[in-house]
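Side-chain atoms are counted along with the backbone in the values below, which use heavy atoms only and exclude waters and symmetry mates. Along the sequence shown, residues carry numbers from 1.
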Amino acid sequence: MTTTATTIPLGDLHAGLADPLLDAMTFLNEVTERYPDALSFAPGRPYEGSFEPEDVHADLDTYLRHLREERGLSAGAVRTALFQYGPTKGIIADLVARTLANDEGLDVAPEALVLTVGAQEGMLLVLRALCATPEDVLLVSSPCYVGVTGAARLLDLATVPVPEGPAGGPDPEAVSAEARAVRAAGRRPRALNVVPDFANPSGTSMPPAARTGLLAVAAEEGLLVIEDNPYGFFSRQEGERPTLKALDGKRGQVVHLGSFAKTCFPGARLGYVVADQRVAAPDGRTTLLADELAKLKSMTTVNTPALSQAVIGGMLLRHGCRLRTANAPARAHYAANLAVLLRELERHFPAAERERLGVSWNEPEGGFFAVLRVPFTADGAAMERCAREHGVLWTPMAPFYPAGGGEHRLRLSISALDGRQIEEGVARLAAFVRAAAR
């Protein structure tokens, strides 16, 4: 008897599965496999040079010793904490709270934290909790990180793009205009998502005055602000900018998403949400937003793996719950790489040639990404031609624009390369740009 597999028409699948950026990322992965020797400015993953497998064992031992000696748990309780499912909100909230106090000046109660399977799960939970009706709308920066728009699509949540302003981040006047337009259309502008530091994909950052202005506009329009902050430690200059959550104080306007992917290591898949807002139940009772997120999490991933939390907890303890200090070598590495990229772009495209070709780029103050404007359509076909003929890869920017745009821009990531590779990569890229501009 012959069995025929069922073919599901694409139109029968959830609309959230059809995403231009996901298609572009799939294509990029395929091109990377076809040209494994190409230098790649595409991936936004951390540099692996400082990763040591032995540290994982040391960090785990540090956390287990903390449970025994500092928290006084018995051998059986330690075994349960490590091997069992554990509380939905996580087992290292106290250590994360201490780290946020040391690194960001944030006074966060551990019970206001939810440990998540990466910041992406945190984003999904927050959007599901805050935007629960068809009338709710999420405002997003344009260009925008795919994780936000992807999560919104999975939840059938409408998004409205807000262009980045000249100062970096979503333009406050545009935020106000879009919120009012949404309201005039009979819908509710519920929240605004923003990456204030070295955003993916644009690399832009918001100066302190712009952060204050954005919070003021959001308050006027009744918007919650969802702050996504994976790159905040990686400035090229000394000094730090306050997070939106720190500027918000006790007003409860900002929900803060954090991740240990860039600051510790991505394989742990550990993120967190600071959700200290009070929410009202239909019966009049109030509870923390973190508790409501935990209820949603209990119906999806149940809990965040204790083993990942234990390793990251040990890493936090080993560094005195001060990740900003622990990440100083990584910050220096990324800052040096970004300086090399900008120097080499300047060297290969002197001012007269930039003007003739129509080439330009931004100069981020830190992080992993910069954006290059080119005189040709920077799409998948151009990217593959660049890999095949010049041995270098990059990421098209157009799919990051929810309402269209970015066709002549490409993203360059410096995080996974060393200085010499960046020098060679820019030389190859410059040759491709000149050839494609003819």
Side-chain angles (χ1 to χ4, degrees), residues 56-57 59-68 70-100 106 108-132 147-148 150-151 154-155 226-230 255-279 281 287-318 321 323:
V56 176
H57 302 285
D59 291 330
L60 178 59
D61 288 342
T62 297
Y63 183 71
L64 295 180
R65 187 165 56 250
H66 164 76
L67 293 182
R68 291 191 302 266
E70 295 185 37
R71 293 183 55 185
L73 298 190
S74 66
V78 170
R79 185 180 300 111
T80 298
L82 185 64
F83 285 97
Q84 289 294 352
Y85 294 106
T88 302
K89 290 171 74 174
I91 62 174
I92 63 167
D94 58 328
L95 300 180
V96 176
R98 283 163 54 185
T99 303
L100 287 171
L106 284 175
V108 175
E111 56 267 25
L113 282 159
V114 181
L115 276 297
T116 57
V117 184
Q120 185 64 28
E121 186 196 21
M123 176 64 71
L124 192 69
L125 294 174
V126 169
L127 294 185
R128 179 62 185 84
L130 296 181
C131 305
V148 179
L154 289 174
L155 296 170
I226 303 171
E227 178 182 29
D228 193 1
N229 189 39
V255 177
H256 182 88
L257 298 177
S259 170
F260 295 107
K262 307 300 188 293
T263 56
C264 294
F265 66 94
R269 300 303 305 129
L270 194 65
Y272 58 90
V273 184
V274 180
D276 53 1
Q277 291 77 11
R278 304 297 303 186
V279 295
T287 184
L288 285 172
L289 177 58
D291 295 327
E292 300 305 309
L293 298 182
K295 291 177 184 177
L296 292 172
K297 181 177 171 61
S298 69
M299 293 181 281
T300 53
T301 55
V302 182
N303 72 309
T304 298
L307 187 59
S308 291
Q309 294 185 69
V311 172
I312 296 298
M315 185 177 291
L316 298 180
L317 288 164
R318 180 159 56 91
C321 291
L323 278 184

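In this structure the side chain of Ile226 reaches within 4.5 angstrom of the side chain of Leu127, judged on heavy atoms. Using a 4.5 Å heavy-atom cutoff, the side chains of Leu288 and Val279 are not in contact. Counting heavy atoms from C-beta on, the side chains of Leu125 and Thr116 come closer than 4.5 Å. Side-chain contact check for Leu64 versus Val78: some heavy-atom pair is nearer than 4.5 Å.
By the neighbour-count criterion of 12 heavy atoms within 6.0 Å, atom CZ of Arg318 is densely surrounded, having more than that number from other residues, nucleotides or ligands.
Here the side chain of Gln309 pairs a donor or acceptor atom with the backbone of Thr304 at under 3.5 angstrom. With hydrogens and angles disregarded, a donor-acceptor distance shorter than 3.5 Å links the side chain of Gln120 to the backbone of Gly147. A donor-acceptor contact shorter than 3.5 Å is absent between the side chain of Thr62 and the backbone of Gly314.
When all heavy atoms of Lys297 and Leu115 are compared, the closest pair comes out as CE-O, 3.4 Å. Between Cys321 and Leu95 the shortest heavy-atom distance is SG-O, 3.9 Å. Contact record, Leu293 with Ala275: CD1-CB, 3.8 Å, taken as the closest heavy-atom pair. Heavy atoms only, all atoms of each residue included: Ser259 and Ala119 are closest at CB-CB, 3.9 Å. The two residues Val114 and Ala290 come nearest to each other via the heavy atoms CG2-O, 3.4 Å. Across Leu82 and Ala310, no two heavy atoms sit closer than the pair CD1-CB, 4.0 Å.
Note that CZ of Arg65 and CG of Leu67 are 11.0 Å apart. Values are rounded to the nearest 0.5 Å. In this structure, the separation between NE2 on His66 and CG on Asp94 is 5.5 Å, given to the nearest 0.5 Å. Taken to the nearest 0.5 Å, the CD1 atom of Ile312 stands 12.0 Å off from the OH atom of Tyr63. Atom-to-atom distance recorded for Arg128:CZ and Leu154:CG is 12.5 Å, nearest 0.5 angstrom. Between the CZ atom of Arg68 and the CG atom of Leu73 there is a distance of 10.0 Å, given to the nearest 0.5 Å. Note that NZ of Lys89 is 4.0 Å distant from CG of Asp291, once rounded to the nearest 0.5 Å.
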**OP:** Show the numbers, then the answer: is there a side-chain contact (heavy atoms from CB on, under 4.5 Å) between Val255 and Glu227?
**Re:** CA-CA 6 Å; Val255 177; Glu227 178 182 29; over 6 Å; no
Original post:
side-chain contact (heavy atoms from CB on, under 4.5 Å) between Val302 and Thr88: does it pass, once the steps are laid out?
Top reply: CA-CA 6 Å; Val302 182; Thr88 302; 5.6 Å; no
Original post:
So His256 and Tyr272, side-chain contact (heavy atoms from CB on, under 4.5 Å) or not? Walk me through it.
Top reply: CA-CA 8 Å; His256 182 88; Tyr272 58 90; 4.2 Å; yes
**OP:** Show your working on side-chain contact (heavy atoms from CB on, under 4.5 Å) between Phe260 and Met315 and close with a plain yes or no.
**Re:** CA-CA 10 Å; Phe260 295 107; Met315 185 177 291; over 6 Å; no
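Screening Leu155, Thr300, Thr301 for a side chain to side chain contact (heavy atoms under 4.5 Å, CB included) with Leu124, the sole residue that qualifies is Leu155.
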